[in-house]
Amino acid sequence: MRLGYPCINWSIECRGNKTFRLKSYSEKRLVETVGTNLDCLQQMLRWNVDHGLYFFRISSDLVPFASHEVNTFDWVDHFQSTLQSIGSYSKQQNIRISMHPDQFTVLNSKDSDVVNRSIAELKYHAEVLDAMELADDAKIQIHVGGVYGDKEASKTRFAANYKHLPESVKRRLVIENDDRSYSVKDCLDISEQIGIPVLFDSFHHELLHNGESYSEAILLCSKSWKTEDGCLMIDYSSQAEGERKGKHAENINLDHFRELLQCLDFYNFDMILEIKDKETSAMKALPVLEEFEVEVVV
DNA sequence: GCGTGTCAAGTGAAA
DNA sequence: TTTCACTTGACACGC
């Protein structure tokens, strides 16, 4: 099992998700920003290896406006050697990489413009991982999308649009259960139709489910991952105390984390902690895994 | 320098 | 009908 956190490391000086306003777009600004972000990504990965964290989600802001029409710059070519070198380091260290396009990526939208922009965004994410020369186990995770008053039709539309995606996206795309529309069962229905792996989000599952235990849900999701996909990916979080339902915790609740681990029969998965203080919580979670004698990648 | 309104993009629930 | 939340932070304008 590998443990990680998303996008930002607060312990080091730099941020790997620097961006700027569309109004101030220029090729110079883009090159500077991407250069800074890649440099920081390298630093974060090294920090992670030094601290026993071998799973990392790269920020979608790595290349600002990557799928926007304003951006005609061939950033893949320009940053090829850097991307390749980061990818090579990741493979050498056995680091698992993922990405999570934001909420504007809606593959099952009823608006074809939204679908086309979503596909462009997915292509960008695939380009990053491809330029890093990562294997198919480096995934791009998205939610199923909107319901539009008819969930079954919207699931079918997702499956239909998926079939038209370029191969570079298909081999990396996975779907994740969300907290208000598409449960694990809904995702598995889609998976049965098109063979897409289902990423398990434990917090969303607490908020929206069909009565499956953690253990049952994880086993079911796990089966949707083929050998070349790598092991199941899990997103973990817990409720922020006294906050709106569904809000992610500021820091890890170790009792809650132990409760989840106690429910499980096997630990053959990689886990991202979606908790606000990022690497700090991940570092607190590592010793808990030891309590459960989970075999952690080192 | 600092305070703060706003940022490319979608959807649905809450206010 | 508008605002808010979503991995939210931080850019950049105006003083």
Side-chain angles (χ1 to χ4, degrees), chain A residues 4-10 13-26 29-30 32-33 36-37 40 44 55-72 97-125 139-151 153-155 157-158 161 176-182 186 199 201-204 207-208 233-240 243-252 271-282:
Chain A
Y5 59 91
C7 308
I8 296 172
N9 180 309
W10 295 111
E13 284 298 304
C14 69
R15 302 284 167 261
N17 63 345
K18 267 187 85 69
T19 184
F20 50 86
R21 297 286 173 257
L22 181 57
K23 248 176 19 179
S24 41
Y25 182 91
S26 72
R29 189 75 188 265
L30 181 77
E32 279 170 12
T33 307
T36 305
N37 285 344
C40 188
M44 289 191 285
F55 190 12
F56 190 68
R57 183 187 299 165
I58 297 176
S59 168
S60 295
D61 280 334
L62 185 73
V63 183
F65 306 104
S67 71
H68 192 281
E69 59 183 9
V70 74
N71 186 349
T72 53
I97 297 288
S98 68
M99 295 185 83
H100 192 343
D102 60 32
Q103 65 270 28
F104 309 109
T105 306
V106 185
L107 194 55
N108 79 344
S109 175
K110 295 179 97 165
D111 181 338
S112 61
D113 288 340
V114 172
V115 174
N116 287 332
R117 280 198 294 273
S118 299
I119 293 173
E121 184 70 357
L122 290 172
K123 278 186 186 167
Y124 148 60
H125 284 78
K139 294 302 187 191
I140 301 167
Q141 63 185 91
I142 58 170
H143 294 290
V144 178
V147 174
Y148 314 98
D150 185 344
K151 196 193 271 186
S154 297
K155 281 152 86 171
R157 199 166 48 250
F158 183 96
N161 289 344
E176 172 190 352
N177 60 305
D178 67 77
D179 58 351
R180 57 186 189 189
S181 304
Y182 292 93
D186 292 319
L199 184 150
D201 186 304
S202 70
F203 186 34
H204 293 162
L207 298 165
L208 178 71
M233 286 180 174
I234 293 183
D235 283 353
Y236 169 83
S237 186
S238 63
Q239 178 64 44
E243 293 279 357
R244 181 192 60 82
K245 199 177 171 193
K247 194 170 163 69
H248 289 237
E250 290 285 334
N251 32 54
I252 191 166
M271 182 184 270
I272 288 275
L273 301 184
E274 286 188 329
I275 298 172
K276 288 212 181 151
D277 67 0
K278 312 283 179 183
E279 77 284 357
T280 306
S281 281

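Note on naming: letters A, B, ... go to the chains in the order of the sequence lines (proteins, then strands), and numbering restarts at 1 for each one. Being a predicted model, the structure only gives us computed values, none of them experimental. Side chains included, hydrogens not; waters and symmetry mates left out as well; all remaining heavy atoms used.
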Residue-phosphate contact under 4.0 Å: [X] side-chain N/O, [N] OP1/OP2:
{"X": "K278(A)", "N": "dT7(C)", "result": "no"}
{"X": "R15(A)", "N": "dG9(C)", "result": "no"}
{"X": "R117(A)", "N": "dG10(B)", "result": "yes"}

Round to the nearest Å and state the distance from [X] atom [atom1] to [N] atom [atom2].
{"X": "N37(A)", "N": "dC11(C)", "atom1": "CG", "atom2": "P", "value": "10 Å"}
{"X": "L107(A)", "N": "dA9(B)", "atom1": "CG", "atom2": "C1'", "value": "15 Å"}
{"X": "K18(A)", "N": "dC7(B)", "atom1": "NZ", "atom2": "P", "value": "19 Å"}
{"X": "D102(A)", "N": "dT7(C)", "atom1": "CG", "atom2": "C1'", "value": "10 Å"}
{"X": "E32(A)", "N": "dC11(C)", "atom1": "CD", "atom2": "P", "value": "13 Å"}
{"X": "N17(A)", "N": "dC11(C)", "atom1": "CG", "atom2": "C1'", "value": "12 Å"}

Open item on the list: With heavy-atom distances below 4.5 Å as the criterion, would you say the side chains of Y148(A) and R157(A) are in contact?
Closed with: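 The answer is yes; the side chains approach within 4.5 Å.
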Are there any protein N/O atoms within less than 3.5 Å of an N/O atom in nucleotides 11-15 of chain B, and if so, which ones and at what distance?
| from | atom 1 | to | atom 2 | distance (Å) |
| --- | --- | --- | --- | --- |
| dT11(B) | OP1 | S109(A) | OG | 2.9 |
| dT11(B) | OP1 | Y148(A) | OH | 2.5 |
| dT11(B) | O2 | R180(A) | NH2 | 3.2 |
| dG12(B) | OP1 | V147(A) | N | 2.6 |
| dG12(B) | OP1 | Y148(A) | N | 3.0 |

Open item on the list: Heavy atoms only, 4.0 Å cut-off, all strands: where does T19(A) land among base, sugar-phosphate and nothing?
Closed with: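 Counting heavy atoms under 4.0 Å across all strands, the contact made by T19(A) is with sugar-phosphate only.
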TODO: Indicate, with a heavy-atom threshold strictly under 4.0 Å, whether R21(A) touches base, sugar-phosphate, or nothing.
DONE: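 Contact class for R21(A): base.
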Open item on the list: Looking at dA9(B) and F104(A): do their rings stack (centroid distance under 5.5 Å, interplanar angle under 30°)?
Closed with: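 Stacked: ring centres under 5.5 Å, planes under 30°.
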Task: N/O donor-acceptor pair under 3.5 Å between N108(A) side chain and F158(A) backbone - done: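 Absent.
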Heteroatom pairs (N/O) under 3.5 angstrom, protein to nucleotides 13-15 of chain C:
none

- [ ] Compare the minimum distances between each of dA10(C), dG10(B), dA8(B) and the side chain of L22(A), then state the nucleotide with the smallest one.
- [x]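 When the side chain of L22(A) is considered, dA8(B) is the closest of dA10(C), dG10(B), dA8(B).
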- [ ] Can you figure out which of dT7(C), dT8(C), dC11(C) approaches the side chain of K276(A) most closely?
- [x]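 Closest nucleotide to the K276(A) side chain: dT8(C).
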